[in-house]
Structure formats: C-alpha cells, structure tokens
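Presented below is the structure to which this report refers.
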There are 2 protein chains.
Amino acid sequence: MSRINLIIADDHELFRNGLTELLKKHDDINVIKSVADGKAFIEELKRTKDLDIVLLDITMPNMDGFEVLKEIQTLNAAVKPIIISMHDDGNYIAKCAKSGAYGYLLKNTDEDELVKVVRIVNGGKKYFSPTIAEKMINFMSDQKVSENILSQKEKEVLGLISEGFTTKDIATKLFVSTRTIETHRANILRKLEVKNTAELIKKATQINLI
Amino acid sequence: MSRINLIIADDHELFRNGLTELLKKHDDINVIKSVADGKAFIEELKRTKDLDIVLLDITMPNMDGFEVLKEIQTLNAAVKPIIISMHDDGNYIAKCAKSGAYGYLLKNTDEDELVKVVRIVNGGKKYFSPTIAEKMINFMSDQKVSENILSQKEKEVLGLISEGFTTKDIATKLFVSTRTIETHRANILRKLEVKNTAELIKKATQINLI
DNA sequence: GTAAATATCCGTATTTATACGGATATATAT
DNA sequence: ATATATATCCGTATAAATACGGATATTTAC
C-alpha cells in the first residue's frame, strides 16, 4: 500500500510542526514537507510528484489559502486541498467550497477526525462535516440577502456616501441629476430598513456592504 | 534539576496536541496536562501543586485568556502565564501585559523561541520580544488618541447618532437644547476630521468608537 | 414573453445637518 | 493658580437629506 503524501501549509510554525509530529504517528501518512505561505506551497507543488493532499490554512502571508485554491485549479493540479482554519464563518467555508476544497476542518478538530478526513479525501471524496456544512448553508442564505438586496448602482452610491460625498458630489461624479441620486438614497434606506444616513452607514458596515 | 511543569490551555485540539508533542522532545519541560478552555485550566490550577507555567491562548470558550489572567491574579497563584496567540494586535498584547502575562508569543513563533521563553519565564523573568513590545507601544499611543479624543458627552452623542437619532431626538433625550447637540456634532466632526455624518460613522466604526 | 426590478428622470415641501461666530461656568491638568 | 478642555447656551444662514408622488426605458427573471 502506498502512503498518502501530504504537505502542510500554515504560517504558524508551532502549529505546523506540532501537526507534523501528530501525523508522523500514522504510518499511512507521509508528511513530505511543511511550508509557511501559499507561494512556497505552489513552488513545492510544481516540484513535487505524487502529492496527494495539502492541509491548507486560510490566512497566510504572500498568498492566502483562497488564492492557493484558485491557483491549484488553474494549474489543474491533482493535489486535493483540505482547509484547516480556525474560522467557522460560513463566509470562509462557502468560499473554500466554491474554490475546490475537498474538506474544511477547524483547528479544534481532534486528531481522529483529521486523520479520518485525510483518508476520505485521499480516496477522492469530499468531506465537510455536518456542522461545517450547516454554517455554510446559513451563510449562503444570509449572503443572498445582504449581497443581492442592493443593485449595482445602489451599491456604488452607498460606497460614495460612506466616503463622505454628498448627493450633489455623487451626481456630478456619475453624470446624472441629483434627483436620481436622491431616489437611490431613498431606495437604499428603504431596502436596508433604516431611516437616515447615520443608521445606514452603521448597518452597511455591520453587514459588510462597505 | 527539577523539570519545568507546564500546562497548555488552547481550544484548538490539533494545536494543543501538536504543541505537546513538540515540547516532549525537551527533557527539562514536563507537560503535565492540556486543557481546552479557561475554566478547565482554573480547575487544574487549583488541583495541581508545583505548576510553573501555563501556555495560554486568548480566544477560548467558557473563559478566555484575559479572564484567566485576571483569575490567576485574584487567586494569587504562583503560575507564570505565557500567552500564545495568533493576533499581533497591540490591543491584545497591551491587555495581557497589564493583566500579568509573563510573555506573549505568536503562533508563528519557532520552537527555539518558544522553549527559550519558557525557560526565561521559568526563571522568574518576563519576556516580550522586541517586535511584540513595539506593537504594544504603537497601540498604546494610538489608543490614547481614539479613546481620549472625544469627551464622555461627545461619545454619548456619537452613539445616539449612530443609532439613527436626529439632533432633535438626542436633545430631547439628554434634556438639552438642540443647539447644544449641534455644537457637539460640530466638535465631533472636527475632532475626527470628517465632514459629514456618513463619513463620521464610517470612521467611528473603523476606530472602534461605536 | 410577460412580470418584476432597475436606472433614470422630474417637482415640491419639510426636516436635518452643517457653517459661521460668540459666550459662560465648571472641571481638569500642569 | 492659571491655562485648557468641557458642557452648556444663543442666533442666523445655507446646504443637504428625507418624504411625498409620479414616469419611462431597459434589463433581468421566471
């Protein structure tokens, strides 16, 4: 039986090394390298034959996990990425799933779960735990609301409002009448269910619109 | 020579276990236990004699690192806490230093540094690396600005503005004339160097004023 | 292909916010 | 103890935002 060839990419050296020690205990898993950022990983990827799995952190310098996922797709590489993140934001999870991750684990996962997922993914199957999958679903429904509730133009206007431009400024900038911008503002206020600019900006920051 | 008795408190099981494996390699360090949250640690603390050091994460369920630091002080325990965090926010660092931490390490510290700090701290000395110390200093000066630039009253007014109350609303609520609130608003805008409410609320959220 | 949403336009009126400029009593800090 | 900052007050004026109500062409969705 051939062993599972694996690389760890995480900018936290203590975590990376600790994880290596943990995985060493499992005979069917072969940690061939660990790297501290996405760029270093991509270089390894190009150099290494028979790489099965990469355990990938999201937040890394140089090139973060999302970019690595994209690059893996671009290169059409055979490596199967498993995300190991400490964020259980549906946001992150959904983004990873869309970008081709084979699994998503939290850093508080236990060793058994980790090893289990490595084996499942190595077999070519994707694995997202029920809890993780749920977070993702919840996010996607919320997201739909906050991302799609405003039109492109409205989002643009909102952005300019948040930068301190007045209605007149914005109208000039966008080559339309102030009346148009006023209508946009009114619609934005209505859609976000707020009654004035102050509340609007607060809400918009809360739901990540600006 | 007696060994250094150490407990790890971190909610990320993979990190905790990996760290344990790493430290096992050093004969003078004795990892007597690892726990997943602050509360569990405090219980261990009460039970365990001759505990020298705790490696403490900030973000944990039940009782976070800050609370643990406070509790250690309250109990007047002899254990010397070293924070291992992934956040290099001056904010966090300053808070920990104030609360009696003996050291502050980032999770991307290397093994040598970790072991070095454990030994230094075990000798009774505090250790904050130059980089960490610098972040803390920078934060403390920034903090002074953003926390002290507005008066209590101005902060109160700002809070109400951000909730969508108008000048008139606020005047009524605070039993003063609208003119007073208008002056407050003008002063707030001037102090934060913004020109209208939209920009104000954005800036205020950015610098954590609301 | 029809319905719904969007982007754009217009008018009138009211309410709010901002910009000037100036004042006093109290608390805080050096 | 004197200077500085704060909280409070007032007037006048302009600029900006919000609230009504209504319209059309285009794009998007089902």
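Lettering of chains follows the sequences in order, A, B, ..., and the numbering in each one begins at 1.
The phosphate of D:dT8 (OP1 or OP2) has a side-chain N or O of B:Lys153 nearer than 4.0 angstrom. Between A:Lys195 and C:dT15 there is no side-chain polar atom (N or O) within less than 4.0 angstrom of OP1 or OP2.
Atom-to-atom, CD of B:Glu154 to P of D:dA5 comes out at 12 Å; the value is rounded to the nearest Å. The separation between A:Leu150 atom CG and C:dA5 atom P is 14 Å, rounded to whole Å. Counting to the nearest Å, the C1' atom of C:dA23 and the CD atom of B:Glu182 are 16 Å from each other. Across the protein-nucleic acid pair, A:Glu199 atom CD and D:dA17 atom P stand 16 Å apart, rounded to whole Å. The distance between atom CG of B:Leu200 and atom P of C:dA17, rounded to the nearest whole Å, is 12 Å. In this structure, CD1 of B:Ile149 is placed 13 Å from C1' of D:dA5, rounded to the nearest angstrom. Rounded to an integer number of Å, the gap from NZ of A:Lys155 to C1' of C:dA7 is 15 Å. The distance between atom NE2 of B:His184 and atom C1' of D:dC9, rounded to the nearest whole Å, is 10 Å.
Within residues 164-176 of chain A, the residues that have a heavy atom under 4.0 Å from DNA chain D are, in order of number, A:Thr166, A:Thr167, A:Lys168.
Counting any heavy atom pair closer than 4.0 Å across all strands shown, B:Asn196 reaches sugar-phosphate atoms only and no base atom. Within 4.0 Å (heavy atoms only), A:Gln152 reaches sugar-phosphate atoms of the nucleic acid but no base atom. A:Thr183 comes within contact range of at least one nucleobase, with a heavy-atom separation under 4.0 Å.
Inspection of the A:Arg119 and A:Asn122 side chains reveals no N or O donor paired with an N or O acceptor under 3.5 Å. Between the side chains of A:Asn5 and A:Asn30, at least one donor-acceptor pair of N or O atoms lies under 3.5 Å. Looking at B:Ser177 and B:Thr180, their side chains do bring a donor and an acceptor atom within 3.5 Å of each other. A side-chain donor from one of B:Asp169 and B:Thr166 sits under 3.5 Å from a side-chain acceptor of the other. Side-chain contact check for B:Glu156 and B:His184: no donor-acceptor pair (N or O, by modelled atom type) lies under 3.5 Å.
Along DNA chain D, the nucleotide nearest B:Lys191 and the nucleotide nearest B:Ile181 are compared for position; the residue whose nucleotide lies closer to the 5' end is B:Lys191. Closest-nucleotide positions on DNA chain D for B:Thr180 and A:Ala198 were compared, and the one nearer the 5' end corresponds to B:Thr180.
Each of B:Leu105, B:Leu55, B:Thr109 was checked for a side-chain contact (heavy atoms from CB on, under 4.5 Å) with B:Val117, and the lone residue meeting it is B:Leu105.
Comparing atom distances between the A:Ser177 side chain and each of D:dA7, C:dA17, C:dC10 picks out C:dC10 as nearest. For A:Ser151, taking side-chain heavy atoms from C-beta onward, the closest of the listed nucleotides C:dA7, D:dT18, C:dC10 is C:dA7. Side-chain atoms of B:Arg185 lie closest to C:dT18 of the nucleotides C:dT18, D:dT18, D:dC9.
Listed for the B:Glu154 side chain is a donor-acceptor partner under 3.5 Å among the backbone atoms of B:Ser151.
B:Tyr104 has its ring centre no less than 6.0 Å from the ring centre of B:Tyr92.
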